[in-house]
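For reference, the structure is listed below as structure tokens.
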Amino acid sequence: MGRILDENLIYEVLSVVDEIPEGKVATYGQIARLIGREKNARLVGRVLSMAEFYGRYPCHRVVNHAGRLAPGWKEQRELLEAEDIPMKNTMYVNLKMCLWDE
DNA sequence: TCGGTGACCACTG
DNA sequence: GCAGTGGCCACCG
């Protein structure tokens with residue numbers, strides 16, 4: 001069958017993203033670890049890029065390991081600021097202040 | 001079948 | 001902090 005991505009992977013990633021509390025952010029690697037695919041953070045990003053097709057999830061609360069926002073997604077910064085997430089500048093969040101500890 | 005690319009990360013120096 | 005290297009998986013030409 002025309003498998004675009006592993007359905008199970010999509011489900012696991014999105015259910016973890018759904019657990020990120022408001023005012024916190026998570027990293028791709030962190031999510032990868034939580035679903036048992038520690039070395040596969042890249043696929044997490046891939047899933048999130050298509051997350052809108054699978055429902056409404058707070059994928060704006062996911063940034064890379066340096067705190068940088070997703071390239072080519074303008075909306076993300078405004079969504080984060082709406083939750084009072086501290087920013088270092090327009091492209092980076094302050095991970096020290098708002099990293100989801102789990 | 002291969003090489004390049006990508007919302008990435010860990011390790012080493 | 002930065003640069004280099006290697007690893008992972010899916011997609012495209």
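A note on names: the letters A, B, ... follow the listed sequences, proteins ahead of strands, and every chain is numbered from 1. In what follows, every heavy atom counts, from backbone to side chain, and hydrogens, waters and symmetry copies are set aside.
In this structure, CG of Leu48(A) is placed 10 Å from P of dC8(B), rounded to the nearest angstrom. One can place NZ of Lys39(A) at 10 Å from P of dC9(C), the figure rounded to the nearest angstrom. The CZ atom of Arg42(A) sits 15 Å away from the P atom of dG6(C) (whole-angstrom rounding). For the pair Ile35(A) CD1 and dC8(B) P, the computed distance is 15 Å after rounding to whole Å. Here dA10(B) presents its P atom at 13 Å from CD1 of Ile31(A), a figure rounded to the nearest Å. Remark: C1' of dA10(B) and CG of Asn40(A) are 14 Å apart, rounded to the nearest angstrom. Between the CD atom of Glu52(A) and the P atom of dA7(B) there is a distance of 14 Å, rounded to whole Å. The interatomic distance linking Met50(A) (CE) with dA10(C) (P) rounds to 11 Å, in whole Å.
Within a heavy-atom distance below 4.0 Å of DNA chain C, no residue of residues 87-102 of chain A is found.
Among the nucleotides dA10(C), dC8(B), dA7(B), the one closest to the side chain of Leu43(A) is dA10(C). When the nucleotides dC11(C), dA7(B), dC9(C) are ranked by their closest atom to the side chain of Arg46(A), dC11(C) comes out on top. Picking from dA10(B), dA7(B), dC9(C) the nucleotide with the shortest atom distance to the side chain of His65(A) gives dA10(B).
Counted within 6.0 Å of NZ on Lys24(A), heavy atoms from surrounding residues, nucleotides or ligands total more than 12; the atom is thus considered enclosed.
Only the C1' atoms considered, dG7(C) is 15 Å distant from dT5(B), to the nearest whole Å. dC12(C) sits 14 Å from dT1(B) when the C1' atoms are compared, rounded to a whole Å. Using atom P as the reference point in both dG1(C) and dC9(B), the two lie 14 Å apart (nearest Å). Using C1' as the reference atom, dA7(B) and dG13(C) are 23 Å apart when rounded to the nearest Å.
Going from atom NE2 of His60(A) over to atom CD of Gln76(A) covers 8.0 Å, rounded to the nearest 0.5 Å. Separating the CG atom in Asn40(A) from the CD1 atom in Ile35(A) is a distance of 7.5 Å, to the nearest 0.5 Å.
A donor-acceptor pair is defined here as one N or O able to donate and one able to accept, closer than 3.5 Å; no such pair exists between the side chain of Glu83(A) and the backbone of Arg61(A).
When heavy atoms are screened at a 4.0 angstrom cut-off, Arg37(A) is found touching no nucleic acid atom at all.
Within the structure, a side-chain polar atom (N or O) of Arg33(A) is placed less than 4.0 Å from OP1 or OP2 of dA10(B).
Residues Val25(A) and Trp73(A) do not share a hydrophobic cluster, defined by chaining ILVMFWY side chains whose heavy atoms lie under 4.5 Å apart. Tyr92(A) and Leu95(A) sit in two unconnected hydrophobic clusters of ILVMFWY residues. Membership requires side-chain heavy atoms under 4.5 Å apart, directly or through other members. Using a 4.5 Å cut-off between side-chain heavy atoms of Ile, Leu, Val, Met, Phe, Trp and Tyr, with links allowed through other members, Val16(A) and Val63(A) fall into different hydrophobic clusters.
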